[in-house]
Chemist: 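Quick one: the structure is below, and I'll ask about it shortly.
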Amino acid sequence: MTDLTGKTALVTAAAQGIGRASVLALAAAGARVIATDIDEARLEGLASDRIETRRLDVLDPAAVAALADETIDILFNCAGVVHGGTVLETSDVDLDFAWRLNVMAMVHTCQAVLPGMAARGGGSIINMSSIASSVKGVPNRFAYSVTKAAVLGLTKSIAADFVSKNIRVTAICPGTVDTPSLQERLGAGGDYEGTRAAFVARQPIGRLGTPEEIADLVVYLAGASYTTGQAHVIDGGWGI
Ligand code: NAD
């Protein structure tokens, strides 16, 4: 069992879904957790003796740069956005937004915390990618897949540059996970049950993943001492 006592973790997009489940799991493993999101109202219910909640818009470079003043041992970059559509249906505006939220925000949080981690002798950065990336081609996920593939590239690059500083940088590649934003996507086309059945059918394990299952992997990677630079696939068998 991973013991994160004495460690401080910062989680982005912590108000719901995988981020929220990860905050609770990291705290249960003993860490002090700074849970951040733009949705302050939803964050409020999370606060406890181990969990501090705070507004952080990862698209605000100045707010992200201020993280350099914090002592952060574990960073879980969870924030991300899903756009639908093929390459022919994706506007420059959507691709630019996906790039800024899925990639540049992560670059900025890494730039903010890496010097402090290096000075303190190490750390763990966990980046949220997806199986829809360079791992697997998924229909109608062009902007998403381009940017989540970039997450794997930045993960490997930073891992290679900072392994000698005892900083491990890993990525998580989930299949379909039952979160509030997934519920919105299931309902968006007007055929909730049909879309849900199609999404479940993609998962050979026969069901969608839960945020708690992904959070268990976040805790493992936060404490694991012998893995870095790797994409950790957790996809209900979608990639078999
Ligand atoms: P979600 O989409 O349900 O919640 C996203 C959270 O991000 C919200 O609380 C929202 O307020 C917050 N957020 C949005 N913009 C923000 C910003 N600029 N700054 C800070 N916070 C912001 O979450 P989810 O479905 O658990 O997805 C979390 C991550 O996991 C995303 O990166 C997503 O791409 C990835 N992922 C999800 C699935 C899935 O099936 N749900 C699969 C693979 C990967």
Chemist: How long is the span from the CD1 atom in I74 to the CD1 atom in I126, to the nearest 0.5 Å?
Modeler: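 If I round to the nearest 0.5 Å, the distance is 6.5 Å.
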
Chemist: Answer yes or no: is there a donor N or O on one side and an acceptor on the other, between the side chain of R20 and the main chain of R42, under 3.5 Å?
Modeler: yes

Chemist: Are K156 and L152 packed together at the side-chain level, in the sense that at least one heavy-atom pair is separated by less than 4.5 angstrom?
Modeler: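 No, side chains not in contact.
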
Chemist: Partners of E52 by side chain to side chain donor-acceptor pair (under 3.5 Å), sequence neighbours excluded?
Modeler: R32, R54

Chemist: Could you tell me whether a side-chain N or O of E89 sits under 3.5 Å from a main-chain N or O of T86, the two making a donor and an acceptor?
Modeler: yes

Chemist: Considering non-hydrogen atoms only, spot the tightest contact between T179 and P211 and give its length.
Modeler: CG2-CG, 4.0 Å

Chemist: In Å and rounded to the nearest 0.5 Å, what is the CD1 to CG distance from I34 to L75?
Modeler: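 Here the rounded value is 10.5 Å.
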
Chemist: May I ask you to test the V200-L208 pair for a side-chain heavy-atom distance under 4.5 Å?
Modeler: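 Of all side-chain heavy-atom pairs linking L208 with V200, at least one is under 4.5 Å.
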
Chemist: Quick check on the hydrophobic clustering: are V146 and V138 connected, directly or via other members, by side-chain heavy-atom contacts under 4.5 Å?
Modeler: no

Chemist: Say you draw a straight line from CZ of R141 to OG of S130; how long is it, rounded to the nearest 0.5 Å?
Modeler: 9.0 Å

Chemist: If every non-hydrogen atom of C78 is compared with every non-hydrogen atom of A13, which pair is closest and at what distance?
Modeler: C-CB, 4.1 Å

Chemist: Would you name the heavy atoms of T90 and D94 that are closest together and state the gap between them?
Modeler: CG2-CB, 4.4 Å

Chemist: Indicate whether the side chain of Q203 and that of T176 have a donor and an acceptor atom separated by less than 3.5 Å.
Modeler: yes

Chemist: Could you tell me if the side chain of L59 sits less than 4.5 Å from the side chain of I38, heavy atoms only?
Modeler: no

Chemist: Going by side chain to side chain donor-acceptor pair (under 3.5 Å), name the residues that satisfy it together with D3, two or more places apart in sequence or in a different chain.
Modeler: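 T5.
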
Chemist: Are any side-chain N or O atoms of E213 and backbone N or O atoms of T210, one a donor and one an acceptor, separated by less than 3.5 Å?
Modeler: yes

Chemist: Atom CD1 of I18 and atom CG of L217: how far apart are they, to the nearest 0.5 Å?
Modeler: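 Atom-to-atom, I18:CD1 and L217:CG are 10.5 Å apart.
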
Chemist: Report yes if the side chains of S22 and L24 come closer than 4.5 Å at any heavy-atom pair, otherwise no.
Modeler: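 In short, these two side chains do not touch, never coming nearer than 4.5 Å.
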
Chemist: Write down the atom of N166, the atom of G121, and the distance for their closest heavy-atom approach.
Modeler: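 Looks like ND2-O, 3.0 Å.
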
Chemist: Between I51 and L10, is there a shared hydrophobic cluster once you connect ILVMFWY residues whose side-chain heavy atoms come closer than 4.5 Å?
Modeler: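 Different hydrophobic clusters.
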
Chemist: Between N77 and T12, do the side chains contain a donor N or O and an acceptor N or O under 3.5 Å apart?
Modeler: no

Chemist: Which residues pass the side-chain contact (heavy atoms from CB on, under 4.5 Å) test with Y192, not counting sequence neighbours?
Modeler: Q183, L186, R196

Chemist: Could you list the donor-acceptor pairs under 3.5 angstrom formed by side chains in residues 218-232, with sequence neighbours left out?
Modeler:
from	atom 1	to	atom 2	distance (Å)
T227	OG1	H232	NE2	3.3
T228	OG1	V169	N	2.9

Chemist: Membership question, hydrophobic clusters at under 4.5 Å side-chain separation (ILVMFWY): are L26 and L43 in the same one?
Modeler: yes

Chemist: Does T155 reach the main-chain N or O of V151 with its side chain, forming a donor-acceptor pair under 3.5 Å?
Modeler: yes

Chemist: List the residues meeting salt bridge (charged side-chain N to carboxylate O under 4.0 Å, His left out) with R55, not counting sequence neighbours, and say none if there are none.
Modeler: E40

Chemist: What distance do C110 atom SG and L154 atom CG have between them, rounded to the nearest 0.5 Å?
Modeler: 6.0 Å

Chemist: Between G19 and F76, what is the shortest heavy-atom contact and its length?
Modeler: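 Looking at all heavy atoms of both residues, the shortest contact is CA-CE2, 4.5 Å.
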
Chemist: Quick one: does any side-chain atom of D37 pair with a main-chain N or O of A15 as donor and acceptor, under 3.5 Å?
Modeler: yes

Chemist: Is any side-chain heavy atom of K148 less than 4.5 Å from a side-chain heavy atom of N102?
Modeler: yes

Chemist: Verify the cluster assignment for I240 and V233: are they in a single hydrophobic cluster under the rule of side-chain heavy atoms below 4.5 Å apart?
Modeler: no

Chemist: Please list, chain by chain and in numerical order, all residues satisfying salt bridge (charged side-chain N to carboxylate O under 4.0 Å, His left out) with D191, sequence neighbours excluded.
Modeler: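 None.
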
Chemist: Between H83 and Y144, is any pair of side-chain heavy atoms under 4.5 Å apart?
Modeler: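 Result no, sub-4.5 Å side-chain heavy-atom pair not found.
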
Chemist: Out of curiosity, M117 CE to I125 CD1, how far, rounded to the nearest 0.5 Å?
Modeler: 4.5 Å

Chemist: With side chains defined as the heavy atoms from C-beta onward, is the minimum distance between L182 and F199 less than 4.5 Å?
Modeler: yes

Chemist: Quick one: are M128 and I214 in side-chain contact, heavy atoms under 4.5 Å?
Modeler: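 SC-SC contact between M128 and I214 confirmed.
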
Chemist: For the pair T147 (side chain) and A143 (backbone), establish whether a donor and an acceptor sit closer than 3.5 Å, ignoring hydrogens and angles.
Modeler: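 Yes, T147 side chain to A143 backbone: donor-acceptor pair under 3.5 Å.
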
Chemist: Can you see which heavy atom on A47 is nearest to which on T53, and at what distance?
Modeler: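 Scanning both residues completely, I find the closest heavy atoms to be N-CG2, 3.8 Å.
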
Chemist: Hey, quick one: are L56 and V33 part of the same hydrophobic cluster, counting side-chain heavy atoms closer than 4.5 Å, chains of contacts allowed?
Modeler: no

